[in-house]
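What follows is a short report on a single structure.
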Amino acid sequence: MKNHLVAFFSTAIALSAATMGSDLYAATQLPDTAESSVNLSRLINRQLAARNTEYRSMSEFASDAPQAEKIFQPMGVAGPADQKEKSLQGWVRAYGGNASRDASGNYSAYDSGNWGALIGIDKSFGNLLIGLAGGYARADLDSDSDNANIDTIYGSIYSTVGGEHLFVDLALTYGTSDTKESNLSMDDAEFSSDLISLYAGSGWRFEITDKILLTPDAALLMTYYEQEGYALSASTVSDYDTTSLQGALGVNVSTIHQIDWLSQGLAFIPELRLHYIHEFEADQDDFTFTSGGISDSIAVRPLVENMAHIGLGFDFWSWEYQNTKFEVDYDGLFSDGYTEQILSGKITVRF
């Protein structure tokens with residue numbers, strides 16, 4: 001009888017430990033929703049900075065005659081020079097792309113599909129531009145045993161101010177997300193999260209030849225992420241929050257003047273963007289996981305510490321329709337174990 005009792009309790013303890021171990025392992029394998037929100041914050045602020053710098057070209061971007069001279073600020077961190085007050089302007093941008101991260105340690109590889117849209121409206125006051133923007137973003141994260149669908153809505157206030165050479169960009173963004181996770185090793189989960197980001201960037205314009213414009217720039221992006229706790233059938237995940245601080249240093253290169261396609265009545269400007277991005281808070285805070293009455297701290301996958309950014313832009317407009325401008329962009333991020341590629345298109349209208 002004694003041997004049977006010992007066997008019974010030994011089996012129960014083993015099963016409990018196995019269940020807890022499975023849940024703990026599954027928790028570390030959950031798709032990286034915090035990292036996805038940090039990546040979304042970077043994407044949003046890249047688009048806002050692009051709109052800030054577009055403002056200078058937007059003020060006089062259509063030719064009145066072929067070969068009309070036009071000074072242009074390349075996309076990136078840059079802004080308006082002194083000029084007369086302009087009318088109200090609105091813009092819409094849509095994007096889509098994908099990202100992937102390799103496996104490391106106990107963290108499995110995952111792929112992410114990303115798409116969304118932004119809409120904004122702004123007005124200039126001398127050499128100051130102030131605008132409001134809002135949008136929707138969707139991220140679908142998939143790994144071998146887990147997946148997550150993240151729906152985010154967000155709003156931003158952005159501004160740029162500057163003179164002929166020096167420019168400063170600022171943006172403040174708040175977003176709220178609903179996440180649905182599924183995992184082969186434990187229950188599905190649903191939870192809400194919030195993000196707040198603050199962006200500041202500055203650049204200086206150089207005309208290195210009579211045709212080429214060079215704009216070195218630097219930027220800082222702080223993102224705070226907060227996630228509510230959620231319960232599973234035999235365990236709970238506590239509230240979680242963490243902070244990212246990213247710095248970017250690079251250069252934008254474009255033609256100084258528009259290139260006119262005389263036979264079609266069109267004008268366009270190409271642009272190349274090259275940046276180095278560094279994450280100062282790569283080691284993320286742990287989160288608390290409780291199973292069977294036992295709490296433990298679970299490590300979160302570190303953020304990507306160093307990345308190279310390569311961007312290509314193509315702006316074009318018609319001489320006949322001077323209040324409408326189109327833009328197509330490619331942006332790629334590359335690092336050891338992580339890649340992200342985004343295609344986007346935008347239309348800007350001056351009222």
Side-chain angles (χ1 to χ4, degrees), residues 30-52 93-97 99 101 110 112-120 131-141 147-159 169-181 189-201 219-230 237-248 277-288 300-305 307 309 331 333 338 340 342 344:
L30 287 174
D32 300 67
T33 54
E35 182 177 47
S36 178
S37 293
V38 169
N39 294 340
L40 174 61
S41 173
R42 182 177 59 241
L43 174 61
I44 294 170
N45 284 279
R46 187 165 64 224
Q47 309 299 351
L48 296 178
R51 169 54 195 151
N52 281 340
R93 179 185 287 271
Y95 69 87
R101 189 159 188 190
Y110 74 82
S112 175
N114 310 283
W115 59 272
L118 302 82
I119 184 169
L132 296 173
Y136 167 80
R138 169 81 176 206
D140 297 315
L141 285 71
N147 65 75
N149 307 121
I150 309 170
D151 295 293
T152 304
I153 56 173
Y154 55 88
S156 305
I157 180 171
Y158 60 94
S159 178
D169 290 347
L170 297 171
L172 176 65
T173 298
Y174 169 76
T176 181
S177 303
D178 290 320
T179 299
K180 295 181 179 180
E181 292 184 338
E190 295 186 17
F191 57 85
S192 298
S193 59
D194 301 289
L195 71 85
I196 300 174
S197 72
L198 179 62
Y199 173 90
L220 278 175
L221 171 63
M222 187 281 292
T223 303
Y224 174 73
Y225 172 83
E226 184 178 36
Q227 173 185 306
E228 70 177 8
Y230 56 92
V237 176
S238 300
D239 295 347
Y240 175 75
D241 65 277
T242 192
T243 301
S244 163
L245 180 62
Q246 292 186 348
I277 299 175
H278 178 71
E279 173 60 63
F280 294 97
E281 299 289 342
D283 294 330
Q284 296 293 280
D285 298 333
D286 297 346
F287 71 86
T288 303
V300 176
R301 187 202 309 258
L303 297 175
V304 180
E305 190 168 7
M307 292 181 286
H309 167 233
D331 288 284
L333 292 172
Y338 179 79
E340 176 184 315
I342 299 291
S344 63

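In this text, all values refer to a predicted model and were calculated from it rather than measured experimentally.
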Taking all non-hydrogen atoms of both residues into account, name the closest pair between D178 and S192 and its distance. OD1-OG, 3.0 Å
Nearest heavy-atom neighbours spanning G247 and L220: CA-CD2, 3.9 Å
Pick one: which of E281, E279, R42, Q284 meets side-chain hydrogen bond (donor to acceptor under 3.5 Å, both in side chains) with S244? E279
Calculate, to the nearest 0.5 Å, the distance between atoms CZ and CG belonging to R51 and L118 respectively. 12.5 Å
Does a side-chain heavy-atom distance below 4.5 Å link N114 with E340? no
Which heavy-atom pair separates G175 from Y154 by the least distance, and what is that distance? CA-CB, 3.7 Å
Can you tell me how far CZ of F280 sits from CD of E305, rounded to the nearest 0.5 angstrom? 9.5 Å
Quick one: do Y95 and L43 satisfy side-chain contact (heavy atoms from CB on, under 4.5 Å)? Show the steps, please. CA-CA 10 Å; Y95 69 87; L43 174 61; 3.2 Å; yes
At what distance, to the nearest 0.5 angstrom, does CD of E228 lie from CG of D239? 7.5 Å
Quick one: do L48 and T173 satisfy side-chain contact (heavy atoms from CB on, under 4.5 Å)? Show the steps, please. CA-CA 10 Å; L48 296 178; T173 298; 4.0 Å; yes
Within-4.5 Å side-chain heavy-atom neighbours: E181 and E190: no
At what distance, to the nearest 0.5 angstrom, does CG of D285 lie from OG1 of T243? 7.0 Å
Considering all heavy atoms, the nearest L141-S36 contact: CD1-OG, 3.9 Å
Please give me the minimum heavy-atom distance between S193 and Q227, naming the atom from each residue. CB-CA, 3.9 Å
Spatial distance of atom CZ (R93) from atom CD1 (I119) [nearest 0.5 Å]: 13.5 Å
Could you walk me through whether I44 and Y158 pass the side-chain contact (heavy atoms from CB on, under 4.5 Å) test, one step at a time? CA-CA 11 Å; I44 294 170; Y158 60 94; over 6 Å; no
Locate the shortest heavy-atom distance separating S159 from N52; write the atom from each residue and the value. O-ND2, 3.2 Å
CD1/I157 to CG/L170 distance, rounded to the nearest 0.5 angstrom? 10.0 Å
Option among L198, T242, D241, L195 that satisfies the side chain to side chain contact (heavy atoms under 4.5 Å, CB included) test with Y224: D241
Do the side-chain N and O atoms of S238 and T288 include a donor-acceptor pair separated by under 3.5 angstrom? no
When the ring planes of F287 and Y240 are compared, do they come out parallel, tilted or perpendicular, using 30° and 60° as the limits? perpendicular
Ignoring hydrogens and angles, tell me if any N or O in the side chain of E226 forms a donor-acceptor pair with the backbone of D194 under 3.5 Å. no
Show your working on side-chain contact (heavy atoms from CB on, under 4.5 Å) between S37 and T223 and close with a plain yes or no. CA-CA 9 Å; S37 293; T223 303; 6.0 Å; no
Is there side-chain contact between E35 and R101, with at least one heavy-atom pair below 4.5 Å? yes
Contact check, side chains of V237 and F191, non-hydrogen atoms, under 4.5 Å: no
